[in-house]
Amino acid sequence: MSNPPSQQPGDLGRPAVSPAPSGSSAASAPGAGHPAGGPAAGGGPQRRPGAFAPSGPAISPTDLERSGAVISTISGVFHSRVVGQENLRLTLVAALAAGGHVLLESVPGLAKTTAASALASSITGSFARIQCTPDLMPNDIIGTQIFNYGSGTFTTQLGPVHANVVLLDEINRSSAKTQSAMLEAMQERQTSIGGEVYRLPEPFMVLATQNPIEEEGTYVLPEAQMDRFLMKEILTYPRPAEEHEILDRSTAGSLTGPRQAVGTVTLEDVRFLQAMVDQVYVDPAVKRYIIDLIFTTRGSGPRPVPNLTQSVRVGASPRGSLALMRVAQAHALLQGRDYVTPDDVRAMRYGVLRHRLVLTFDALASGIRPEQIIDAVFHAVPMP
């Protein structure tokens with residue numbers, strides 16, 4: 001599986017968006033940064049990967065080894081249930097390690113729900129699936145109070161959102177009122193029922209799916225809720241060899257699950273993994289790189305992209321800066337490192353930023369995609 005093809009930074013159609021001249025090569029292929037020591041996106045001196053490491057180990061070798069074991073177990077469960085979709089696996093594991101939520105978008109039948117349930121099955125915590133429909137009410141998600149006629153008192157019945165992993169299937173089919181009920185849960189990690197505040201379990205992760213081609217009976221997600229998702233992953237069709245394996249698994253009777261039991265990780269393991277992400281070192285030069293990227297999406301930055309404001313109405317918010325750094329920390333840990341390099345920032349740029357850029361009507365009418373804007377921004381900003 002791969003993200004949408006990378007475009008040449010200056011090839012954005014009309015209105016034109018092209019980076020300032022930098023004398024470097026085009027942005028790297030989706031889902032991967034330049035190899036360590038490779039060409040910088042904006043020219044200038046290229047620092048060695050080790051130059052971004054702290055003076056002393058940020059994470060002990062023992063903790064790094066344990067983190068790798070947890071990641072390997074989760075990945076093993078994923079591959080036992082899902083064929084291919086490597087970028088999706090990386091997105092889900094990174095989001096779990098970073099403690100964020102994921103929005104999955106694709107046409108029907110590309111294993112969105114299967115991937116979400118596979119991730120949930122790799123964790124020993126609770127899992128809840130909510131099928132969103134137009135008549136779904138907020139109380140159906142967060143819970144409600146029930147009156148007991150015998151005692152004359154109210155008792156609180158918690159909703160399915162009070163689980164470690166929550167799958168919101170076809171989230172854009174629920175009404176705006178129901179979608180807003182998820183905002184407090186996703187951002188504040190709590191719900192309010194009858195004036196009482198109930199904390200959600202830790203860890204807590206929301207995996208939402210939506211179908212972009214069917215608009216009848218759907219409600220567009222508000223920008224405020226889109227920004228709550230740490231990452232948005234767009235799934236594409238499998239390769240011929242992967243679809244052949246899907247057919248083989250179907251005839252073998254192992255398409256819905258593995259024949260042999262696979263390992264699981266405990267909630268304590270997940271909390272440990274998230275704590276390790278917190279400890280991954282981020283060099284000030286990398287933080288400056290992230291800030292320059294986010295400011296460039298807003299039409300400024302060290303090397304503004306010409307005519308960007310004709311295509312982007314609203315750039316990434318400070319939450320985008322936090323998400324870009326957090327995902328880079330998680331990606332570094334997935335690679336077995338305790339420090340972030342610029343390549344970690346680049347590696348998952350589409351998933352972090354594609355839903356945080358609000359394009360203008362002219363850009364949408366011209367068929368310009370967010371990935372093209374992101375490529376132009378990363379091409380324009382020099383790598384440290």
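Sequence positions, counted from 1, serve as the residue numbers for this chain.
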Spell out, yes or no, whether [X] and [Y] are grouped together once hydrophobic residues are joined by side-chain heavy atoms under 4.5 Å, including indirect joins.
X    : Y    : result
Y281 : F272 : yes
F229 : V314 : no
F295 : I290 : no
I74  : L64  : yes
F127 : L92  : yes

Could you pull out the closest heavy-atom pair between [X] and [Y], with the gap in Å?
X    : Y    : result
V161 : I130 : N-CD1, 4.5 Å
L230 : A98  : CD2-CB, 3.7 Å
I294 : S317 : CG2-O, 4.1 Å
L359 : R369 : CD1-C, 4.3 Å
P138 : K177 : CG-CG, 3.6 Å
A94  : A330 : O-CB, 3.6 Å

- prompt: Are the aromatic ring centres of H101 and F204 under 6.0 angstrom apart?
  reply: yes
With a 4.5 Å limit on heavy-atom distance, are the side chains of [X] and [Y] in contact?
X    : Y    : value
V270 : E202 : no
R354 : E233 : yes
T264 : S121 : no
F52  : D344 : no
T297 : V312 : no
L353 : L293 : no
N87  : Y350 : no
L247 : H244 : no

- request: Kindly determine whether I142 and Y198 satisfy side-chain contact (heavy atoms from CB on, under 4.5 Å), including the steps that lead there.
  value: CA-CA 10 Å; I142 64 174; Y198 295 87; over 6 Å; no
Rounded at 0.5 Å granularity, tell me how far [atom1] in [X] sits from [atom2] in [Y].
X    : Y    : atom1 : atom2 : value
S126 : N164 : OG    : CG    : 4.0 Å
E105 : I234 : CD    : CD1   : 5.0 Å
Q210 : D169 : CD    : CG    : 11.5 Å
E170 : L136 : CD    : CG    : 12.0 Å
E243 : Y237 : CD    : OH    : 9.5 Å
S117 : R129 : OG    : CZ    : 9.0 Å

Tell me if a side-chain donor or acceptor on [X] pairs with a main-chain N or O of [Y] at a distance below 3.5 Å.
X    : Y    : answer
S72  : A69  : no
S75  : I71  : yes
Q329 : V280 : yes
T73  : V265 : no
S366 : A363 : no
R356 : V352 : yes
D338 : P57  : no

query: Between R303 and D292, does at least one N-O distance fall below 4.0 Å, as a salt bridge requires?
result: no
query: Is the number of heavy atoms from other residues, nucleotides or ligands under 6.0 Å of Q187 CD greater than 12?
result: yes
task: Please report the C-alpha distance between R228 and M182 in whole Å, then the side-chain angles of each, then the deciding distance to 0.1 Å, and finally whether the side-chain contact (heavy atoms from CB on, under 4.5 Å) criterion is met.
output: CA-CA 10 Å; R228 259 63 174 190; M182 290 300 300; over 6 Å; no
message: Looking only at side-chain N and O atoms, does D135 offer a donor or acceptor that is under 3.5 Å from a partner on T133?
response: yes
field: Residue pair R81 / T114, side-chain donor-acceptor N/O under 3.5 Å
entry: no
- prompt: After noting the C-alpha distance and the side-chain angles of D283 and Y339, does the key distance pass the side-chain contact (heavy atoms from CB on, under 4.5 Å) rule?
  reply: CA-CA 8 Å; D283 190 82; Y339 62 93; over 6 Å; no
- prompt: Which residue pairs pass the salt bridge (Lys or Arg N to Asp or Glu O under 4.0 Å) test when at least one of the two sits in residues 319-331, sequence neighbours left out?
  reply: D227-R319, D278-R326
query: Quick one: salt bridge (Lys or Arg N to Asp or Glu O under 4.0 Å) pairs with a partner in residues 56-75, sequence neighbours left out?
result: R66-D269
task: Tell me, with the steps shown, if V102 and M205 meet side-chain contact (heavy atoms from CB on, under 4.5 Å).
output: CA-CA 8 Å; V102 180; M205 184 179 186; 3.9 Å; yes
field: Partner of S311 under side chain to side chain contact (heavy atoms under 4.5 Å, CB included), chosen from D362, L364, I373, L357
entry: I373
- line: With sequence neighbours left out, the residues meeting salt bridge (charged side-chain N to carboxylate O under 4.0 Å, His left out) with K287 are none
